Enquirer: 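Got a structure here, written out as C-alpha cells. Questions coming.
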Amino acid sequence: MAEQQNYRAPRGVADILPDDQTVWNAVKKTAINTARQFGYQQIDTPVFENTGLFRRGVGNETDIVQKEMYSFDDLGGESLTLRPEGTAPVCRSYIEHGMHNLPQPVRLYYIAPMFRYDRPQAGRYRQHHQFGCEAIGDSSPTIDAEIIEIGLRYITALGLSDVAVRINSIGDSETRTSYNDDLRNHYAKYANDLPKVDRDRLERAPLRLLDSKEPATQKLSADAPKSLDYLSDEAQNHWENLLVLLDGLKTAYPNFSYRTDHTLVRGLDYYNRTVFEFEPSTEGSQTSLFGGGRYDPLIGILGGNETPGVGFGSGIERIILETQRQESLDVAEPPRNAVMVHVGDNATIRAAQLAAELRNHGISVLMAPAGKSMRAQMRYANRANASYAIIIGNREIEQGVAAVKPLQFDGDQKTLSLNSATIANFIAPSE
RNA sequence: GUGGGCGUAGUGUAGCGGUUAACACGUCAGGUUGUGGCCCUGAAGAUCGAGGGUUCGAUUCCCUCCGUCCACCCCA
C-alpha cells in the first residue's frame, strides 16, 4: 500500500563519511591548536536560539535575517531559529553568564554547524561548519590584529598559500550616517546607468553598492567616497595603529601582505571599524575563506553593557575545498594495530577473549568476520590496513599459541604463546 | 529568488530510437590440503533521478518536478 520512499539527505546538506573524517579531523585539530596558541577557550552554544537574538543582533534588514533563516515555532509557540552565524550567540552567552567579571578580553573559539536557507553551490551549503573566534571586552587595535593573526597562523598551518587579505574600516555608527548619505548621492547622480539590482540597493543599503559585481557600478565605485575618509578621530587612530601592528607581523609571517580595500563591506549590521576578509587569489566565486571584524555595538544591542568585541568566522567546508585544490594537506589514516583471524568455534571464542585483553593493553583490535575462510579473513585484514594479523585456528588452540604475522612490512610470522601480555609486548601499543 | 550545464549498478564512466544496457574500481565467492597484498576465474549489484508526453517502440526526443554543479544574489 504505502509507496516505497527512498530518503536522501535534504537539499544543501551532506553526510561527512568515514573517508572524509581524516581531513575533517585534521582541519579541526589545526583550528583548535591555533586558537589555543592564542589563549582562546572553547565555547559551545546551542544549535537553536530565540529568533529575536538574530533579528536584533545580525540586523533585521540583512539578507541573512530577511531570507536565509531556518525559523520555526516550537510546541510552546516560541519562535526559534537554527543558528545562522556564531557571533550573536556567543555574545548572548557572554552577557547571560556575566563574563564581564572575567579578566578582559574574554577569548573564545568554537567549531559549530551553521544553517542558512540558501541556494546550494560549491562551497555553499545549507548546513555548514564554522571555526570562529571572538575576543570580547577590549577595544584596542591589538586585538583586531590578533584576530587577523589567528587567521594567518591557521592558513599557514594548513599549508595554504596565495591567500589574499583585504581589510577596511567602515567607521563608527555616528559617522556612518553621513557617509551613507554621501555614498547615496554619489551613485544617485548616475542612477539611470545603474543595473536594477543596484538601483534597488541605493536606498536600502548603499554600502553594498561598493562590492557590487556589476561592471557599470564598479566603474562608479572607483571614485566613490571612501569610508576611510569619514573616520572619527578615534576610529582613525584605531585604524592607523592597526596598520602598524599588521606591518609588524611581517617578521613572523614573511609571506604576509594585506591590501586595504575601500569596497570591502560586510553583510551583517553589527560590524563597525575594522572588517577583513581572506580569500584565495585563484578564480572562483565562493571564495571567502575567513572573514570578520569588530562589532563594538553588538553587546549593547543585545542588552548588555556597552562592550567592545572583535572576531572572525571561517568555513570548514571551504577550507577543505581549498586545501584539496592546493593539495596542501597530506592526511592518511594510520594503520590499525591488529586484526584477529580465527577459524573454528573454539578459536573464535578464544580470539574474542584475547582481543578484549589486548585492548586493555591499549592495542586496537579488529575481529575478522567470523565463519569465513582463513583466506577471506586475511584479505579482510589487509583491506583493514592492519599492521598485524593475529591468527588463531584449531592448531594454535591445541598448542596454546597464536601466530602473529606482520602485514605492513617484511618479516616472518611468529608463534607466540597465547597470552595477551606476550602478544601485546610484541605489537607496539598504539601510542 | 534568477539564468545555464548535468542526472546510467556502491563509486567513476561508456552507450544507443528497437532483442540479455557495457567497462573499470569496489563487494562477495573460488584458484585442492589453514594465511593478505599481485594475478586469474566466477557471482551479485541499475525499474538508465521521478512523473507525464511524442512514437509501433525511449535509457536515448520533448515537458514538468526533484537533485546536483556553475554563474548571479549573499556569505563562511
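Given the structure is predicted, the values throughout are model-derived calculations rather than measurements. Reckoned from all heavy atoms, side chains included, excluding hydrogens, waters and symmetry mates. Note on naming: letters A, B, ... go to the chains in the order of the sequence lines (proteins, then strands), and numbering restarts at 1 for each one.
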Enquirer: Please measure how far the C1' atom in B:G7 lies from the corresponding atom in B:G12, and state the result in whole Å.
Expert: 14 Å
Enquirer: Quick one: which of A:Ile148, A:Ile150, A:Thr87 gives a side-chain contact (heavy atoms from CB on, under 4.5 Å) with A:Phe312?
Expert: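 Testing A:Phe312 for a side-chain contact (heavy atoms from CB on, under 4.5 Å) against A:Ile148, A:Ile150, A:Thr87 leaves exactly one candidate, A:Ile150.
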Enquirer: When the P atoms of B:A22 and B:U59 are compared, how many Å lie between them, rounded to an integer?
Expert: 15 Å
Enquirer: Does the distance from a Lys or Arg side-chain N to an Asp or Glu carboxylate O, for A:Glu396 and A:Arg350, drop under 4.0 Å?
Expert: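 Looking at A:Glu396 and A:Arg350, the cut-off is not met.
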Enquirer: What is the distance, to the nearest angstrom, from the OH atom on A:Tyr271 to the C1' atom on B:C75?
Expert: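 A:Tyr271 atom OH is separated from B:C75 atom C1' by 10 Å.
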Enquirer: Got a salt bridge between A:Glu279 and A:Arg166, using NZ or NE/NH1/NH2 to carboxylate O under 4.0 Å?
Expert: yes
Enquirer: Quick one: stems involving RNA chain B, counted as three or more successive Watson-Crick or G-U pairs, both distances short of 3.5 Å.
Expert: B:1-7 with B:66-72, B:10-13 with B:22-25, B:27-31 with B:39-43, B:49-53 with B:61-65
Enquirer: Using atom C1' in both nucleotides, what's the gap between B:G15 and B:C23 to the nearest angstrom?
Expert: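 B:G15 and B:C23 have their C1' atoms separated by 11 Å.
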Enquirer: How is A:Gln66 classified with respect to the nucleic acid when contacts are heavy atoms under 4.0 Å: base, sugar-phosphate, or nothing?
Expert: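 The answer is nothing, as A:Gln66 stays clear of every strand by at least 4.0 Å.
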Enquirer: Can you tell me if OH on A:Tyr117 sees more than 12 non-hydrogen neighbours from other groups inside 6.0 Å?
Expert: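 No - once you tally the heavy atoms of other residues, nucleotides and ligands closer than 6.0 Å, there are 12 at most.
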Enquirer: To the nearest Å, give me how far apart CD (A:Gln130) and C1' (B:C74) are.
Expert: 13 Å
Enquirer: If you only use heavy atoms from C-beta on, which nucleotide in B:C74, B:G36, B:A76 is closest to the side chain of A:Arg318?
Expert: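 Nucleotide nearest to A:Arg318's side chain: B:A76.
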Enquirer: Please report the distance separating the P of B:C70 from the corresponding atom of B:G10, rounded so that it comes out in whole Å.
Expert: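 About 24 Å, rounded to a whole number of Å.
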Enquirer: With A:Gln21, which of A:Asp19, A:Asn25, A:Val23 fulfils side-chain contact (heavy atoms from CB on, under 4.5 Å)?
Expert: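 Filter result, single survivor: A:Asn25.
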Enquirer: Are the ring centres of A:Tyr109 and A:Tyr40 closer than 6.0 Å?
Expert: no
Enquirer: Quantified in whole Å, what is the C1' atom distance between nucleotide B:A14 and nucleotide B:A21?
Expert: 10 Å
Enquirer: Look for any protein N or O under 3.5 Å of an N or O in nucleotides 66-69 of chain B and output each such pair with its distance, or none.
Expert:
| from | atom 1 | to | atom 2 | distance (Å) |
| --- | --- | --- | --- | --- |
| B:G67 | O2' | A:Arg8 | NH2 | 3.4 |
| B:U68 | OP1 | A:Gly12 | N | 3.3 |
| B:U68 | OP2 | A:Arg11 | NE | 3.0 |

Enquirer: From CE of A:Met378 over to C1' of B:U35, roughly how many Å is that when rounded to an integer?
Expert: 4 Å
Enquirer: So, for A:Tyr270 and A:Val58, which heavy atoms are closest and what is the spacing to 0.1 Å?
Expert: CD2-CA, 4.0 Å
Enquirer: Within this structure, what is the CD-to-P distance between A:Gln127 and B:A76, rounded to whole angstrom?
Expert: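 The distance from CD of A:Gln127 to P of B:A76 comes to 17 Å, rounded to the nearest Å.
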Enquirer: Below 4.0 angstrom, N of the basic side chain to O of the carboxylate: do A:Asp296 and A:Arg294 qualify?
Expert: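 Yes.
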Enquirer: On RNA chain B, nearest-nucleotide positions of A:His129 versus A:Lys67: which is more 5'?
Expert: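 That would be A:Lys67.
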Enquirer: Taking only the C1' atom of each, what is the distance from B:U47 to B:A9 in whole angstrom?
Expert: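 Between the two C1' atoms, the distance is 12 Å.
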Enquirer: Identify all pairs in which a protein N or O lies below 3.5 Å from an N or O of nucleotides 43-45 of chain B, and state each distance.
Expert:
none

Enquirer: Report the distance from atom CZ of A:Phe409 to atom P of B:G37, rounded to the nearest whole Å.
Expert: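 After rounding, the gap between these two atoms is 18 Å.
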Enquirer: Restricting both atoms to N or O, compile the protein contacts to nucleotides 38-42 of chain B shorter than 3.5 Å, with distance only.
Expert:
none

Enquirer: Evaluate whether atom NZ of A:Lys29 has more than 12 neighbouring non-hydrogen atoms of other residues, nucleotides or ligands under 6.0 angstrom away.
Expert: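 Atom NZ in A:Lys29 is not packed in, count stays at 12 or less.
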Enquirer: Less than 4.0 Å between a side-chain N and a carboxylate O, is that true for A:Asp118 and A:Arg126?
Expert: no
Enquirer: Expressed in angstrom and rounded to an integer, what is the separation of A:Ile392 atom CD1 from B:U35 atom C1'?
Expert: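 In whole Å, B:U35 C1' and A:Ile392 CD1 are 14 Å from each other.
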Enquirer: Checking only heavy atoms, does the side chain of A:Lys405 share a donor-acceptor pair with the base of B:G36 at less than 3.5 Å?
Expert: yes
Enquirer: Heavy atoms from C-beta onward define the side chain here; which of B:C75, B:C72, B:G30 lies closest to that of A:Ser373?
Expert: B:G30
Enquirer: Can we say A:Glu49 and A:Arg92 salt-bridge, meaning some charged N sits less than 4.0 Å from an Asp/Glu carboxylate O?
Expert: yes
Enquirer: Say we look at B:A50 and B:C40: how far apart would their P atoms be, to the nearest angstrom?
Expert: 35 Å
Enquirer: Please measure how far the P atom in B:G31 lies from the corresponding atom in B:G37, and state the result in whole Å.
Expert: 13 Å
Enquirer: Rounding to a whole Å, what distance do you find between A:Met69:CE and B:C74:P?
Expert: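 Interatomic distance, CE of A:Met69 to P of B:C74: 18 Å.
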Enquirer: If you count the non-hydrogen atoms of other residues, nucleotides and ligands that lie under 6.0 Å from CZ in A:Arg176, is the total more than 12?
Expert: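 Yes.
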Enquirer: Just distance, no hydrogens or angles: give the donor-acceptor pairs under 3.5 Å from side chains in residues 403-415 of chain A, sequence neighbours left out.
Expert:
| from | atom 1 | to | atom 2 | distance (Å) |
| --- | --- | --- | --- | --- |
| A:Gln408 | NE2 | A:Asn385 | OD1 | 3.2 |
| A:Gln408 | NE2 | A:Ala386 | O | 2.9 |

Enquirer: Would one find more than 12 heavy atoms of other residues, nucleotides or ligands at under 6.0 Å from atom CG of A:Asn185?
Expert: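 Yes, CG of A:Asn185 has more than 12 neighbouring heavy atoms, counting only those of other groups under 6.0 Å.
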Enquirer: For A:Ala355, what residues pass the side-chain contact (heavy atoms from CB on, under 4.5 Å) criterion, not counting sequence neighbours?
Expert: A:Met340, A:Arg359, A:Val365, A:Met367
Enquirer: A:Ser314 or A:Ala403: which one's nearest nucleotide on RNA chain B is closer to the 5' end?
Expert: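 The answer here is A:Ala403.
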Enquirer: Below 3.5 Å, does any donor atom in the side chain of A:Gln377 face an acceptor in the base of B:U35, or the other way round?
Expert: no
